[in-house]
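Worksheet for the structure shown next.
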Amino acid sequence: MDQTVLANEQVVDGKGWRSGATVERREIPQWFLRITDYADELLEALDELPGWPEQVRAMQRNWIGRSEGVELRFDIQGRDEALNVYTTRPDTLFGVSYMGLAPEHPLTRELARSNPEIAAFVEECNKAGVAEATVATMEKKGLDTGLRAIHPLTGEEIPVWVANFVLMSYGSGAIMAVPAHDQRDWEFATKYALPILPVIAPADGSDVDVSNEAFTEKGVLINSGDFTGMTSEQAFEAIADWLQKQGLGERQTNYRLRDWGVSRQRYWGAPIPIINCPACGQVPVPDDQLPVELPEDVQFDGAGSPLKQMPEWYRTTCPDCGGEAERETDTFDTFMESAWYFARFACADNDGAMLDDRARYWLPVDQYIGGIEHAILHLLYARFYQKVMRDEGLTAAGEPFANLLTQGMVLKDGAKMSKSKGNTVDPQELVDRFGADTVRLFTMFAAPPEQSLEWSDSGVEGAYRFLKRLWHLVRTHVEQGAAPALDAVALNGDQREVRRKVHETIRKATDDIGRRYTFNTGVASVMELLNALYKAADDDSDAGRAVLQEGLEAAVLILAPIVPHVCHRLWRELGHDQPVVDAAWPRWDDTALVQDTHSLVVQVNGKLRGNVELPADAERDAIEAAALEEPNVQRFLADKTVRKVIVVPGKLVNVVAN
RNA sequence: GCGAGUGUGGCGGAAUUGGUAGACGCGGCGGCUUUAGGUGCCGUUGGGGCAACCCGUGCAGGUUCAAGUCCUGCCACUCGCACCA
């Protein structure tokens, strides 16, 4: 049998994914970081992260899962100790028809020692996965323990069951089940023919029907003794008060967030810097012996962590008493290092401390970019770590990343490319063939960064083609000699139109690249500009060449961050001594954007029927009149009466007629 | 199952504040250049129709003068679910 520790995802149908060996859950002592101490701060500080996508903040909020409820006690017949349960719905207390215990609950274990049936059920549960998705989708199963709890209000006897859907890691590991008003409890009760007692009716006065599913909304209490007639909200307070007064329970805030288990029984990870001493217990490795490094002469035999088989590495002496002791052989979760590496980047050469003042100066990171798959774990751990470092005086910032961009994945034929799944496209091959500029241009152009990107070899060729066109136009323009100075007021109509396109492109690209981070549309606008400049390149008048020079300079400046090598060269070609990296971002000229006339779309009943060209300063009456006179519009109005005309200035006219 | 997203031509995508759906690119088609192939250049390209027009943004409803965009209900796919990193 394999002696190893598997990840959840390596367990398939209760067997090891590679060897097929039967897998069982076993408890081992492990190291945890108490992230739950920071649950409230991690939650509340989300509201002060305007530079983060709302989507990620929502996922973190749900993950932390703060809830307000009541922890209450159910006495058990014939036993001294009571059963504690947590509920967010004390208003449903009169609807409790059974209790549920997690298979790992201490009471379940105790019973299993003397009851083989329960022991067998617990063992069966241990073979199933623990992943939340597995627990949530598996068939609900349970076993009556024979114990009877006493309802604190009615005094009635309630059966106590062990149930596979009750999680030891949330709340107290035991639940009061209210099948009428909780869907999981309902399914379980239906399966085992347990009573379903409705105690909440819809607020609109209609009858409650729990024959097909649980009624999980809040409403008005029924069948609830003195509390009948209260709303769920009133009953929450009244029942919580009553329980508190009787000493049977109290209000409690609960979190879904669990402590961060950082122990890994693997070689590849930073050693946990603890020395286990038989006399002194767990002793931290003193500062002057840090960092603890992994041994390099290591044998991998596939069975467990190699560190556990290397006494020459783990045998040491206790820093406190000097006696024989052993190093901790568990290593850290690799999320541990990724939670603060960016802080270390600021002072990577400091070999005397973890961080110094430079980290305090540089943090928080202005713009952090990572995949959406890190929305919860990595980004939550990094936030937690930052707060711990702040509280230790290592940094000043309470949050690690001021702005967050969650980029999509790169897909090839719909399959994801990633570290763990193997990169299916080797960018190096394309870099060798087309250059790094082309590959970057394609990557920026193919999709907005937060969306997934479909890799396309012909798309890369298209990016290459565009760069060649840009290069060619600059060359042919430059070969005709230096361009004359631009006199913006002396341009003819066509030249003014080209110049307007140049400045519209600068305005749009500035917004797309600088504010929206939609690099794809920014690149597209430069492509449009280049198409327009190609058409205008025939004009070899002084004014025409000056406009072309201005347009080419704009294109090169905008593309420089994405296509640096090509633009570095082209900028020099265009007659500049200073390199393009030192050049300022282009600015648009508002006067170049002014248009004398606007083309307005004319709709009849919302359908496009024509266009009218009107002076930009046309009055509403003139716009209406021109729209109504348009021949095709006339045709559609022939047998109708105009009821209303809607004018959207500079855009469209909609004639409502019937 | 729960949480968060996405869905638009043959394909990647655009439409930023409810106002011309399909920008830009790929692919296709036609032409020019070329002995030819390739490259390059020009034109064309959502579907149907000779045309006028009609239809069209996952599906079904709704709100509005006007809906890809807002609302309600569904469907499909993607990401996360704590030991993949």
Side-chain angles (χ1 to χ4, degrees), chain A residues 5-11 30 35 53-63 65 130-138 165 169 183-184 187 256-266 268 333-335 338 371-378 380-381 406 408-409 411 414 416 418-421 442 445-448 450-463 465-466 468-469 472 508 511-512 515-516 518 520-521 523-528 530-531 534 599-611 632 635 643-646 648 650-657:
Chain A
V5 177
L6 295 180
N8 277 341
E9 70 158 21
Q10 294 171 324
V11 180
Q30 304 213 63
I35 190 171
E54 182 47 43
Q55 142 187 199
V56 172
R57 290 189 278 164
M59 285 164 91
Q60 292 210 351
R61 253 179 233 121
N62 292 328
W63 185 259
V130 266
E132 211 180 309
T134 315
V135 176
T137 48
M138 72 189 168
F165 69 95
S169 54
Q183 190 58 27
R184 290 161 306 180
E187 282 165 30
R256 210 183 72 97
L257 180 68
R258 311 201 296 258
D259 278 328
W260 176 13
V262 294
S263 279
R264 297 291 181 270
Q265 296 71 43
R266 305 192 186 271
W268 298 106
D333 179 3
T334 51
F335 272 132
S338 61
I372 184 67
E373 69 274 20
H374 293 301
I376 294 173
L377 296 182
H378 164 56
L380 191 67
Y381 293 149
T406 49
M409 294 174 305
L411 307 176
K416 91 169 171 186
S418 74
K419 263 190 295 182
S420 54
K421 300 279 165 70
F442 167 73
F445 176 65
E450 63 282 357
Q451 254 176 58
S452 62
L453 181 158
E454 181 64 38
W455 196 265
S456 152
D457 288 346
S458 53
V460 176
E461 283 172 39
R465 198 145 49 215
F466 166 74
K468 280 196 297 190
R469 269 164 64 78
H472 177 75
K508 176 155 176 59
D511 191 44
D512 286 351
R515 179 184 66 89
R516 296 173 68 207
T518 53
N520 57 327
T521 54
V523 170
S525 71
V526 180
M527 287 176 168
E528 274 185 66
L530 191 69
N531 290 341
Y534 256 86
S599 172
L600 298 190
V601 162
V602 186
Q603 298 178 333
V604 176
N605 292 329
K607 293 203 172 187
L608 176 64
R609 298 303 179 197
N611 282 279
N632 201 42
R635 207 161 61 81
R643 300 289 173 195
K644 204 189 223 184
V645 180
I646 288 149
V648 181
K651 289 213 165 147
L652 103 170
V653 181
N654 188 14
V655 181
V656 185

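Convention: sequence-line order gives letters A, B, ...; per-chain numbering from 1. Computed from a prediction, not measured in an experiment: that's the story for all the values here.
Between A/Arg61 and A/Glu54 a salt bridge is recorded (basic side-chain N to carboxylate O distance below 4.0 Å).
Note on A/Arg266: a base of the nucleic acid sits closer than 4.0 angstrom, heavy atoms only. Residue A/Trp260 is classed as having no contact, given no heavy-atom separation below 4.0 Å to the nucleic acid.
Partners of A/Glu450 by salt bridge (Lys or Arg N to Asp or Glu O under 4.0 Å), not counting sequence neighbours: none found. Listed by chain and residue number, A/Phe32, A/Arg34, A/Ile35, A/Thr36 satisfy the side chain to side chain contact (heavy atoms under 4.5 Å, CB included) test with A/Asp259 (two or more places apart in sequence, or in another chain).
In terms of position along RNA chain B, the nucleotide closest to A/Pro448 lies nearer the 5' end than the nucleotide closest to the other residue of the pair A/Pro448 and A/His374. For the pair A/Asp259 and A/Asn520, both in contact range of RNA chain B, the more 5′-proximal nearest nucleotide belongs to A/Asn520.
Spacing between B/rC70 and B/rG5 at atom P, rounded to whole Å, works out to 13 Å. Atom P of B/rC53 sits at a distance of 50 Å from the matching atom of B/rG1, rounded to the whole Å. Comparing the P positions of B/rU57 and B/rG10 gives an interatomic distance of 13 Å, to the nearest angstrom. Of the P atoms belonging to B/rG28 and B/rU39, the separation is 10 Å, rounded to the nearest Å. Of the C1' atoms belonging to B/rG62 and B/rG18, the separation is 16 Å, rounded to the nearest Å. For the C1' atom pair drawn from B/rU64 and B/rC74, the interatomic distance equals 23 Å after rounding to whole Å.
Residues A/Val56 and A/Ile372 meet the side-chain proximity criterion, which asks for heavy atoms closer than 4.5 Å. Contact check for A/Val645 versus A/Asn654: no side-chain heavy atoms found under the 4.5 Å cut-off.
Within 3.5 Å, a donor on the side chain of A/Lys508 pairs with an acceptor on the base of B/rU16, or the reverse. Counting distance only, with no hydrogens placed and no angle test, the side-chain atoms of A/Gln30 and the base atoms of B/rC83 include a donor-acceptor pair under 3.5 Å.
Using cut-offs of 30° and 60° for the angle between ring planes, the A/Phe335 and A/His374 rings count as perpendicular.
Between A/Asn632 and the phosphate of B/rC53, there is a side-chain N or O to OP1/OP2 separation shorter than 4.0 Å. Contact annotation: A/Arg465 side-chain N/O to B/rC26 OP1/OP2 distance is under 4.0 Å.
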Side chain to side chain donor-acceptor pair (under 3.5 Å) evaluation trace for A/Arg256 with A/Asn62: CA-CA 8 Å; A/Arg256 210 183 72 97; A/Asn62 292 328; over 6 Å; no
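Base orientation for B/rG9: syn, the chi torsion being within 90° of 0.
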Between the protein and nucleotides 7-12 of chain B, list every N/O to N/O distance that falls short of 3.5 Å.
{"residue": "B/rG12", "atom": "O2'", "partner": "A/Ala446", "partner atom": "O", "Å": "2.9"}

